[in-house]
Amino acid sequence: MSVLQQAGQQIISMTAEAVGALGTEFSEEQVRLEVPKDKSFGEFSVNTAMQLASVLRKNPRQIAQEIIANMKTENTYVQEVSMAGAGFINFRLSQRYYIDVIKEIFAQGDDYGKCDIGKGKRVNVEFVSANPTGPVHIGNARGGAVGDVLAEILSWAGYEVTREFYINDAGNQMEKFGASLEARYLEMFGKEFTFPEGGYEGDYIKEIALEYAKAHQKKLLTEESETRQEILARFGLEKNLSEIKRALDEYGVAYDVWYSENSLYEQGCVAEAIEQMKKTGSTYEEDGALWFRASEWGCDKDFVLVRSNGLPTYIMPDIAYHLNKLQTRQFDIAIDVWGADHHGYVPRMKSAIKALGIDEDRLGIILMQFVRLVRQEEVVRMSKRRGEMITLSDLVAEVGRDAARFLFNYYNFNTHMDFDLDLAVEKSNENPVFYVQYAHARICSIISQLRATETIEADLSLLTEEEEIELIKVVARFSEEIAVAAETFDTSRIPKYAVEIASAFHTFYNRCRVRCEEESLMYARVALIEAVRTVLKNLLNILGVSAPEKM
RNA sequence: GCGCCCUUAGCUCAGUUGGAUAGAGCAUGUGGCUUCGAACCACAGUGCCGGGGGUUCGAAUCCCUCAGGGCGUACCA
């Protein structure tokens, strides 16, 4: 339990106890611990008196007074309890609390900020899963940044995390891919060809075809069209996948598992999943197709699982995939990071999961709102069909990995965001990522200049300035921030929290000199900023953003 | 038609799950380096929390309704 949690728990206990002494039932779970908006009210507050007002039919202020009179603060971090406003009970902590926070940071170092709400549960986070028919485009960039950081947050929160990429290497799009490649291949040798309807028109298709032609020349001209397409598709898939891996690697995203959709077919998982769906008794045949009675499982409409031509629809291998994750591989939780255009897909997937007897809460779905790229105050238009798009590699080359990852996580996944390329590049000093990195570099610089004398044991009780206390108060919240971020899947809390710490540090820096007259105070302050450096570094690590010592 | 998401300062966004006077950054204005990094700090102004009802001690937050924007609603993926 962190120092912060200990203090919080003490307040909860003493509050529940004090209410009990008044002759009223009030459990610890009912105590709502809050942080007052105005710091002059202290570190914590509870609104217990207001909660009890309607029950006791008394003025909340009077109730608050009675609760306070019964409070036992001996041997706790609480120094002072007071009543304010409509009946808030406010708590001020003793200095020992702040000292213990810094000691805790030193003791835990690179692990400071971790918590154990995950209790070792196994979580699978599947994200990006870009279509392997082409390069990773900008739309996937947000999902990549958020998915990767979410995975990291969950791991800090005590979950055992697997990062996974689902390769859509089966079905319709693979055929279109192969047909598109074939057309370009034939075109190259001056043969007759028809470009498939809805095929992939991007230049990279020509490049892949050219590459194959360079290596194998006219070899495929004598083949049947079907085998030709298959060979080209497989060749192109290999190419694209290695390019996708390269781009993601450059972006700082590394996967534990690359899961092939096609392998689900090959291993009979799709057929098996169809059987399982039938066994639920919620399927029926109509017009030669197999339908799932999703309307019985909380979905507005029924939908088709197997078409009348015998081929499964797109959702069938996906059901098999989730069955594989949640049943076969026994993950406790599976999280999917999807684009907002898939939101209609959520109730369908959940209804299937439910019908199969799996607790739907084990499936967490994050819907990523779209990103619009803005340049010169204008929205950059992209067309995947025409192959006009900005790739992840382009973005990283233009704004850098640090800025991209930080900014994508800076906004909650649920907000539509505009990514201003000019702002991210030209006015890079306005970018919050540099603000945080600057704070880190600044601390490193100070510490390196004082390194010779840093070994002396510091007297942390000398840290009494308002800016010093504020700084400690902020860094003390770390594990709490991780816990909330993990529970809400909200990665944006982390960069925002990092900015808050950087800001508290800069304020401190401008108000208090580290290298000051009194040596003992100097050591105490060195210890303080050393602790802050650890926290900033840990936060940047979680974000996958570098923590430079010089800028 | 039905369903989901969004709407908070000039701009980009927070708002601790219903609490105290609604906050940051950017932009604007003023001030701060003979001493640790001025990529920084301090101070200043701006709000019909999209509109209107309701729930209660108390609403930006929960419910209803209307408006605007985005996206779904295939035997496409």
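Below, chains carry the letters A, B, ... as their sequence lines are ordered, and counting in each starts from 1.
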Side-chain heavy-atom pair A/Ile353, A/Trp297 within 4.5 angstrom cut-off | no

Tell me whether the side-chain N or O atoms of [X] pair up with the base of [N] as donor and acceptor below 3.5 Å, since no angle test is needed here.
X: A/Asp341; N: B/A77; answer: no
X: A/Ser445; N: B/C36; answer: no
X: A/His343; N: B/C71; answer: yes

What's the gap between [N] and [M] when it is taken at their [atom1] atoms, as a whole Å value?
N: B/C11; M: B/U65; atom1: P; value: 30 Å
N: B/C63; M: B/U30; atom1: P; value: 47 Å
N: B/C57; M: B/C66; atom1: P; value: 29 Å

Select base, sugar-phosphate, or nothing to describe what A/Ala439 touches, counting heavy atoms under 4.0 Å on all strands.
-> nothing

Which part of the nucleic acid, if any, lies within reach of A/Cys512 when heavy atoms closer than 4.0 Å are counted: base, sugar-phosphate only, or nothing?
-> base

Is there a Watson-Crick or G-U wobble partner for B/C36 with both distances under 3.5 Å, and which nucleotide is it?
-> none

Protein N or O to nucleotides 13-18 of chain B N or O, pairs below 3.5 Å:
residue: B/C13; atom: OP1; partner: A/His416; partner atom: O; Å: 2.9
residue: B/C13; atom: O2'; partner: A/Lys496; partner atom: NZ; Å: 3.4
residue: B/A14; atom: OP1; partner: A/Asn412; partner atom: N; Å: 3.3
residue: B/U17; atom: OP2; partner: A/Arg32; partner atom: NH2; Å: 3.1
residue: B/U17; atom: O5'; partner: A/Arg32; partner atom: NH2; Å: 3.2

In terms of the nearest nucleotide of RNA chain B, which residue is placed more toward the 5' end: A/Glu261 or A/Gly85?
-> A/Gly85

Is the ring of A/Phe88 stacked on the base of B/G19, with centres less than 5.5 Å apart and planes under 30° off?
-> no

In chain order, what residues pass the ring pair (Phe, Tyr, Trp, His ring centres under 6.0 Å) check against A/Phe508, with sequence neighbours excluded?
-> none

Phosphate-side-chain proximity, [X] and [N], N/O vs OP1/OP2 below 4.0 Å:
X: A/Asn510; N: B/A42; answer: no
X: A/Lys301; N: B/C2; answer: no
X: A/Thr507; N: B/A42; answer: yes
X: A/Tyr509; N: B/A38; answer: yes
X: A/Arg307; N: B/A77; answer: yes
X: A/Arg348; N: B/G72; answer: no

Would you jot down, in residue-number order, the residues of residues 286-294 of chain A having a non-hydrogen atom under 4.0 Å from RNA chain B?
-> A/Glu286, A/Asp287, A/Ala289, A/Trp291

Could you pull out all residues at least two apart from A/Asn324 that satisfy side chain to side chain donor-acceptor pair (under 3.5 Å)?
-> A/Tyr259, A/Arg329

Sequence neighbours excluded, which residues qualify as side chain to side chain donor-acceptor pair (under 3.5 Å) partners of A/Glu230?
-> A/Arg234

Crowding at CD, A/Glu480 (>12 non-hydrogen neighbours, <6.0 Å) = no

Any donor-acceptor N/O pair, A/Lys496 side chain to A/Tyr410 backbone, under 3.5 Å | yes

Could you list, one pair per line, each protein nitrogen or oxygen that sits under 3.5 Å from a nitrogen or oxygen of nucleotides 61-64 of chain B, together with the distance?
none

The nucleotide from B/C41, B/A39, B/C76 with an atom nearest the side chain of A/Asn172 is B/C76

